[in-house]
Each structure stands twice: as C-alpha cells, then as structure tokens.
Amino acid sequence: MAKIQAIRGMNDILPEQTPVWQYVESTIRRVLGQYGYQEIRMPVVESTDLFKRSIGEVTDIVEKEMYTFDDRNGDSLTLRPEGTAGCVRAAEEHGLLFNQTRRLWYTGPMFRHERPQKGRYRQFHQIGVECFGMAGPDIDAELLILTARLWSAFGLDGHTRLEINSIGTSEARKVYRQALVDYLDQYRDQLDEDSKRRLSSNPLRILDSKNPDTRKLLEGAPSLDDYLDEASRAHFEQLKALLDAAGVTYSVNPALVRGLDYYGKTVFEWITDSLGAQGTVCAGGRYDGLVEQLGGKPTDAVGFAMGLERLILLLETLGLVPAHVNNDADVYVTAMGEMAISASMAIAEELRNGLPGKVVVAHCGGGSFKSQMKKADRSGARYAVILGENELASGNVGLKPLRDDQPQLDVARAELVQVLTDKL
Ligand code: ATP
Ligand code: MG
C-alpha cells in the first residue's frame with residue numbers, strides 16, 4: 001500500500017534539527033524577557049472574518065493564501081496565516097488593552113498556501129511581538145534595538161540590514177493613492193494581471209508587486225514620501241534620531257510598503273543577502289488603526305514577526321550554530337548481564353542527581369558489550385560507565401573515555417559523581 005506522506009510545504013522538524021530550534025527559541029525568549037515582554041498563546045484557528053477584516057480583502061494572504069474551511073456547524077474558520085490579528089482579538093477579548101500598555105510576544109506555526117521553496121513553506125513558524133498603548137516613536141525604536149540585540153546574540157552582526165520607511169496616516173495614503181493611480185493608469189496595458197485588478201481595488205498593493213515589468217514601471221511612479229503628513233514625518237524623524245543615538249544602522253527605503261492593510265506610519269524589514277529571494281527575516285510596523293477596526297477602542301500599536309525557518313537557514317548557511325547545540329549525551333551507562341540492569345539504572349539516577357546539567361543516557365534493550373559500546377559512541381557521550389558482573393562484585397565501575405585515547409579507569413561507585421564532575 002502506498003505510504004501517506006506529509007503535506008507539501010509542511011515540514012517535519014526531526015530530532016537532528018530540534019536542538020537548533022530550541023537554541024533559537026530560547027535565545028529569543030531570553031532577550032524578550034530582558035525587555036519585559038510577556039508571552040501570550042493563541043489558538044491556531046480563528047474565524048475567517050478576523051483575517052479578512054484585519055489583513056484586508058485585497059491582499060495576497062486573504063485572496064489566495066489562506067487555509068479556510070467550514071467547521072462542522074458551518075462556521076468559516078481559517079488556520080492563522082499570521083499572529084497579529086489573533087493577538088489583537090485575544091488582547092481585546094480579555095481586556096488587556098484598556099488604559100494600559102502591553103508588550104506581548106507569541107510563537108507558533110502559521111499557514112499560507114504559497115508555492116513551497118527554500119525559505120517559503122505552507123506551514124512555517126514565527127515569533128511575533130506586539131506592543132499596545134504606546135504611540136511611539138520610542139517603542140518603535142525599542143523594537144528595532146531589541147532585534148539588533150538578537151542579531152548580535154546570534155553572531156549575525158553585519159549579516160542583516162534594516163530598512164525603514166513611513167507610510168503615513170491613512171488620510172495621507174488616500175491622497176497618494178490617487179496620484180499613484182493617475183500615474184499607473186497611463187500604463188494599464190503593461191501591468192501584470194494582479195496589479196491591473198488592484199489598480200481599482202487597492203493600488204498601494206501594486207508597490208509590493210514582485211513582477212519585474214511592473215517593478216520597472218514603478219521606478220517612475222510618484223513617491224509616497226512626498227505625500228507624508230506632518231505628524232508622520234515628525235514621528236519618522238524622531239525614530240531615525242533614536243536609532244542613530246542607539247547605534248542601530250538603517251537605510252530608508254521609500255518603496256517599502258508591507259503587504260498588509262493594517263500598517264501605518266513606521267514600517268520596517270530586516271533583510272539578509274545570504275538567502276536569495278526569501279531574504280526578509282523579520283518585518284513589522286505600526287498599526288494604530290487595527291484595534292478599532294476590529295471593534296475595540298482606538299489603541300496605538302506596533303509589532304513585528306520573525307520567520308524562524310529563515311532565521312535558522314541563515315544561521316546554518318553562515319555556519320553560526322554554536323558547537324554545543326546538539327543532541328549529544330555526556331555519560332552513557334551500560335549494563336552487561338541481567339544482574340547489572342537494576343544497579344545501572346540506580347547509578348544513572350545517582351548521576352542525574354549529582355550532575356543536574358548533564359545528559360545521562362542509560363542503556364536499555366540489552367545486547368553484547370560491543371553493541372552497547374557502539375551505542376555509547378553514537379550517543380555522543382564523552383564517558384561510558386561500564387557495569388558487568390565483575391564490577392557488581394567489586395563495588396567499582398569502569399569509566400571509559402570515549403573521545404580520547406585515555407585508558408579506562410576503575411572508580412568506586414561512591415566517587416563516580418565527583419570524578420565525573422571534575423572531568424565534564
Ligand atoms: P514575503 O514577502 O517573503 O512573502 P511577507 O511580507 O508575506 O513575506 P510577513 O507576513 O511580514 O511576510 O511575515 C513575517 C515574516 O515571516 C517574513 O519576513 C518571513 O520571515 C516569514 N514568512 C512569511 N511567509 C513565510 C513562508 N511562507 N514561509 C516561511 N517564512 C515566511
Ligand atoms: Mg508573503
């Protein structure tokens with residue numbers, strides 16, 4: 001019978017890969033903790049309307065990337081394509097936003113029906129950060145300073161660059177939108193199909209087009225920068241000054257818009273040149289209008305999402321995964337013969353008590369001395385504890401170094417913890 005396989009674009013993360021995931025997640029968790037950010041966990045499924053109303057009907061995500069299905073009672077549900085909408089929904093639903101500031105983060109799988117390729121999957125993982133109740137630009141700067149610290153923690157200094165832009169208020173964008181439409185209308189025939197459609201429905205999205213011919217036309221288009229409102233311009237100038245003062249390097253990219261409807265004022269992307277076309281590892285911006293758009297009180301908000309697959313690919317590509325990030329055991333405890341099994345399990349427990357930070361693997365499943373030593377070697381352990389009938393009788397154990405040519409030692413069981421403490 002044909003074997004059933006994983007869904008295309010949805011990856012298993014195998015035991016060989018989980019150490020690097022744990023390393024990345026724990027590093028991010030630690031840094032976010034340093035800044036006082038609190039974790040929130042949301043369901044992976046939300047009502048379809050939530051995404052339509054927040055991300056925008058005329059976006060790639062809502063138009064063609066969502067996994068939407070009818071629940072058994074007929075409600076339309078969607079596997080979350082991103083975390084901001086659900087985070088706002090949850091924060092609002094539980095009264096986390098009223099009259100207070102919040103710094104939240106979450107992590108987990110997101111789902112988008114895209115063409116799978118390197119750095120682009122149908123199930124992928126993000127760490128997202130959302131801050132509420134702060135108008136910025138101080139909090140905008142904090143997010144970028146925080147991400148810069150993260151890159152440093154990963155040894156990525158110089159491998160990511162920051163692009164920022166201001167897309168102004170929705171009123172300013174309205175005026176600009178008209179100017180853009182007037183310009184692109186002259187070249188209607190030369191636009192790609194998506195862009196043609198968007199010319200009437202959501203022309204700003206065209207700036208996001210990846211079609212090379214459309215991109216060429218856009219070179220001569222009016223610039224959003226010239227249409228910015230005074231408040232947004234001042235906000236942006238202050239943000240730049242804060243980044244300068246903090247030593248965070250950036251470049252202003254006037255063409256940076258972001259593909260989701262809810263952004264306004266500050267938008268940014270951290271980009272790497274080491275991953276080809278899928279080079280954006282982290283992206284975000286302000287979305288002061290979203291909470292109200294979803295039925296809450298007007299609430300200032302800013303956030304970002306980081307793609308974990310891309311970040312991990314980047315670390316692996318650059319050889320930046322530290323050597324200690326692996327599944328290696330420290331000690332492997334063997335047991336030769338029926339009689340030794342119970343003693344070896346007790347010894348393994350003693351070692352776990354005495355060496356709490358170390359990985360102690362107890363051999364299970366029997367087998368010859370040779371096969372047990374082979375498994376000990378494969379576990380990555382630096383030492384094997386050898387326990388057979390002779391050792392049982394003598395009250396000592398054999399301690400065999402596995403990673404160098406040192407001879408095997410005979411160690412009293414009572415001293416084993418101390419000896420290994422000194423060696424490991
Ligand atoms: P892109 O332009 O590459 O499609 P996006 O603008 O759709 O990205 P966002 O919605 O801003 O991406 O998501 C934030 C981050 O999540 C991205 O910068 C990227 O690192 C990651 N990401 C987005 N879509 C995918 C995907 N399909 N597979 C893997 N990572 C993704
Ligand atoms: Mg996308």
Side-chain angles (χ1 to χ4, degrees), residues 1-6 10-27 29-30 125 154-155 308 312-313 315-316 319-424:
M1 212 195 290
K3 283 196 182 133
I4 296 171
Q5 297 201 313
M10 304 204 179
N11 300 314
D12 300 304
I13 301 173
L14 300 176
E16 291 71 40
Q17 299 163 298
T18 46
V20 63
W21 280 80
Q22 290 167 357
Y23 161 68
V24 164
E25 287 161 355
S26 62
T27 305
R29 208 176 278 267
R30 173 169 55 75
H125 298 77
F154 287 121
L308 293 186
I312 287 169
L313 259 175
L315 294 177
E316 286 172 342
L320 289 173
V321 180
H324 66 80
V325 175
N326 57 47
N327 282 319
D328 287 354
D330 294 297
V331 183
Y332 194 93
V333 184
T334 64
M336 247 59 72
E338 289 283 317
M339 301 287 289
I341 292 175
S342 142
S344 80
M345 295 194 107
I347 288 172
E349 285 304 311
E350 285 163 28
L351 293 179
R352 293 178 189 123
N353 288 336
L355 306 163
K358 301 296 178 189
V359 178
V360 179
V361 175
H363 181 84
C364 290
S368 67
F369 178 74
K370 206 170 145 200
S371 80
Q372 292 198 28
M373 291 311 288
K374 217 184 225 167
K375 290 214 170 80
D377 188 51
R378 261 196 239 128
S379 76
R382 288 173 59 199
Y383 291 91
V385 172
I386 293 166
L387 193 68
E389 317 255 293
N390 293 346
E391 286 80 8
L392 270 184
S394 71
N396 288 359
V397 298
L399 187 63
K400 187 172 169 50
L402 298 174
R403 305 297 147 198
D404 50 35
D405 272 343
Q406 299 299 309
Q408 181 174 325
L409 302 171
D410 205 29
V411 179
R413 180 167 164 181
E415 280 160 24
L416 189 56
V417 165
Q418 193 51 56
V419 172
L420 279 169
T421 302
D422 295 343
K423 289 185 177 298
L424 291 173

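In this chain, residues are counted from 1 in sequence order.
Of the inter-residue distances, the one linking Ile312 atom CD1 with Trp21 atom CH2 reads 4.0 Å to the nearest 0.5 angstrom. The OG1 atom of Thr421 sits 9.0 Å away from atom CG of Leu416, with the distance rounded to the nearest 0.5 Å. The line from CD of Gln22 to OG1 of Thr27 is 11.0 Å long, rounded to the nearest 0.5 Å. Separating the CG atom in Leu409 from the CG atom in Asn396 is a distance of 11.0 Å, to the nearest 0.5 Å.
Atom CE of Met373 sits in a crowded spot, with more than 12 heavy atoms from other residues, nucleotides or ligands closer than 6.0 Å. For CG of Asp405, the number of neighbouring non-hydrogen atoms (other residues, nucleotides, ligands) closer than 6.0 Å is 12 at most. Counting heavy-atom neighbours within 6.0 Å of Met339 CE, excluding the residue itself, gives a total of 12 or less.
Under the side chain to side chain donor-acceptor pair (under 3.5 Å) criterion, no residue pair touches residues 339-348, with sequence neighbours excluded. For residues 340-356, every residue pair satisfying the salt bridge (charged side-chain N to carboxylate O under 4.0 Å, His left out) rule, not counting sequence neighbours, is listed here: Glu349-Arg352, Glu350-Arg413. Among residue pairs with one or both ends in residues 385-398, none qualify as salt bridge (charged side-chain N to carboxylate O under 4.0 Å, His left out); sequence neighbours excluded.
Under the 4.5 Å side-chain criterion, counting only non-hydrogen atoms from C-beta, Met336 is not in contact with Leu387. Within the 4.5 Å cutoff, no side-chain heavy atoms of Val321 are placed close to those of Val24. The shortest distance between side-chain heavy atoms of Lys423 and Tyr383 falls below 4.5 Å.
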* **Evaluation steps, side chain to side chain contact (heavy atoms under 4.5 Å, CB included), between Leu399 and Leu420** => CA-CA 9 Å; Leu399 187 63; Leu420 279 169; 4.0 Å; yes
* Run the numbers on Leu308 and Glu25 for side chain to side chain contact (heavy atoms under 4.5 Å, CB included), then give the verdict. => CA-CA 9 Å; Leu308 293 186; Glu25 287 161 355; 4.3 Å; yes
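With sequence neighbours excluded, the residues forming a side chain to side chain contact (heavy atoms under 4.5 Å, CB included) with Arg403 are Asp377, Arg382, listed by chain and number. Residues satisfying the side chain to side chain contact (heavy atoms under 4.5 Å, CB included) test with Asp12, not counting sequence neighbours, are Ala6, Leu14.
Contact detail for Ala323 and Asn326: the closest heavy-atom pair is O-ND2, 2.9 Å. Nearest heavy-atom pair, Leu315 versus Tyr23, reported as atom, atom and distance to 0.1 Å: CD1-CE2, 4.3 Å. Nearest heavy atom pair, residue Gln408 against residue Gly398, reads NE2-CA, 3.6 Å.
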Side-chain atoms of residues 354-370: list all donor-acceptor pairs with protein atoms under 3.5 Å, sequence neighbours left out, distances to 0.1 Å.
residue : atom : partner : partner atom : Å
His363  : ND1  : Tyr332  : OH           : 2.7
His363  : NE2  : Gly366  : O            : 2.7
Ser368  : OG   : Lys370  : N            : 3.4
Ser368  : OG   : Ser371  : N            : 3.1

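Each of Val419, Thr334, Val385, Leu392 was compared with Val397 under the side chain to side chain contact (heavy atoms under 4.5 Å, CB included) criterion, and only Val385 meets it.
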